[in-house]
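Since the structure comes first, as structure tokens, the remarks are kept for the end.
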Amino acid sequence: MLSASEIEQAAADLLAAEATGKQCGLLSLRHPGITLDDAYAIQSAQMAQKLAQGRRIIGWKIGLTSKVMQEALGIDTPDSGVIYDDMDFADGAAVPAGRFIQPRIETEIAFVMKAPLEVDVTREDVLAATDYVAPAIEILDTRILRTDPVTKQPRKIFDTVSDNAANGGIVLGPQHHAPGAFDLRWVGAIVRKNDEVVATGLGAAVLDDPVMGIVWLARRMGQYGQRIEAGQVVLAGSFIGPVECPAGTRIAADYGPFGAVSVSFS
């Protein structure tokens with residue numbers, strides 16, 4: 001396990017990378033014995049600093065829910081991160097140049113809660129606590145190197161979790177649906193990048209049921225003394241692979257009857 005000072009230093013390095021736009025090195029190289037508990041402690045240390053600076057938590061994200069992504073990283077569990085108020089972009093917004101280091105996007109189903117979720121929740125509990133579901137785009141960013149330039153080691157799950165699960169921003173579509181109005185396993189999107197279809201996917205890619213992603217998150221958060229609160233938004237996990245979004249990229253996600261959401265990068 002890492003010491004308290006090592007956790008605080010890692011958190012400071014990641015916050016500095018976010019502020020300067022210059023990525024920091026892999027924590028898994030700096031600390032070969034790092035654990036997932038350490039990584040979430042680093043994430044929490046950043047949270048404490050952000051809250052002290054006036055940021056507000058508006059929700060949570062679940063990542064690495066698909067088997068393809070889990071196998072690529074050699075893991076068998078999702079991860080999670082925090083969504084802050086300054087990460088919220090309007091549908092159709094243009095993200096300012098320089099806001100992110102290496103932006104990418106994924107398409108997801110967002111759950112907006114009307115009641116908190118305790119640790120031992122069931123699928124039915126999640127549906128009962130959900131105010132509505134909506135189409136969403138998650139903006140990913142990496143404050144930490146994806147690959148070490150010397151050793152060529154790719155980032156590991158510990159790096160990603162420490163880096164707030166690579167969370168950068170969210171874009172919610174304007175369409176709000178009752179959680180039981182659609183079979184969310186069959187809700188999907190056609191994703192266009194500059195008018196070219198680059199990805200398609202279905203909600204079933206998220207743990208075979210996006211609702212179960214919320215169940216997993218509620219239980220994980222309970223292990224760390226956290227809780228999903230009423231009014232918060234939860235991104236249930238992506239059902240497509242990440243799409244690179246350099247400057248000039250326009251993204252439009254067509255969810256069919258479920259709605260649509262778009263964003264561009266200046």
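Given the structure is predicted, the values throughout are model-derived calculations rather than measurements. All residue numbers refer to positions in the sequence shown, counting from 1.
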Side chain of [X], backbone of [Y]: donor and acceptor closer than 3.5 Å?
X: Q232; Y: E229; result: yes
X: Q23; Y: T142; result: yes
X: N164; Y: V82; result: yes
X: D13; Y: A10; result: no
X: N194; Y: R250; result: yes
X: D91; Y: P174; result: no
X: D148; Y: V150; result: yes
X: K50; Y: A45; result: no
X: Y255; Y: G173; result: no

Side-chain touch [X]/[Y], heavy atoms, less than 4.5 angstrom:
X: N167; Y: Y84; result: no
X: T107; Y: F239; result: yes
X: I109; Y: V187; result: yes
X: L36; Y: I157; result: yes
X: I42; Y: L27; result: yes
X: R104; Y: V243; result: no

So, [X] versus [Y]: side-chain donor-acceptor pair below 3.5 Å or not?
X: Y224; Y: D37; value: yes
X: S80; Y: R220; value: yes
X: S238; Y: E138; value: no
X: Q102; Y: R146; value: yes
X: T160; Y: D163; value: no
X: S162; Y: Q43; value: no

Q) Nearest 0.5 Å, what's the CZ-CG distance between R227 and L217? A)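 Taking CZ in R227 and CG in L217, the distance rounds to 13.0 Å.
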**Q.** Residue pairs fulfilling ring pair (Phe, Tyr, Trp, His ring centres under 6.0 Å) with at least one residue in residues 196-222, sequence neighbours excluded
**A.**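 Listed once each, the pairs would be none.
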Q | Pairs where residues 113-133 contributes a residue and the test ring pair (Phe, Tyr, Trp, His ring centres under 6.0 Å) is met, not counting sequence neighbours | A |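 For residues 113-133: Y132-H176.
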(Q) Please determine whether a side-chain nitrogen of the Lys or Arg among D159 and R30 lies less than 4.0 Å from a carboxylate oxygen of the Asp or Glu. (A)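 No, this pair does not count.
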**Q.** P210 versus A236, closest heavy-atom pair with distance
**A.**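 Smallest heavy-atom distance, with atoms named: O-CB, 3.8 Å.
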Q: Might you confirm whether atom CG of D120 has over 12 heavy atoms from other residues, nucleotides or ligands at distances under 6.0 Å?
A: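 It does not: D120 CG has 12 such atoms or fewer within range.
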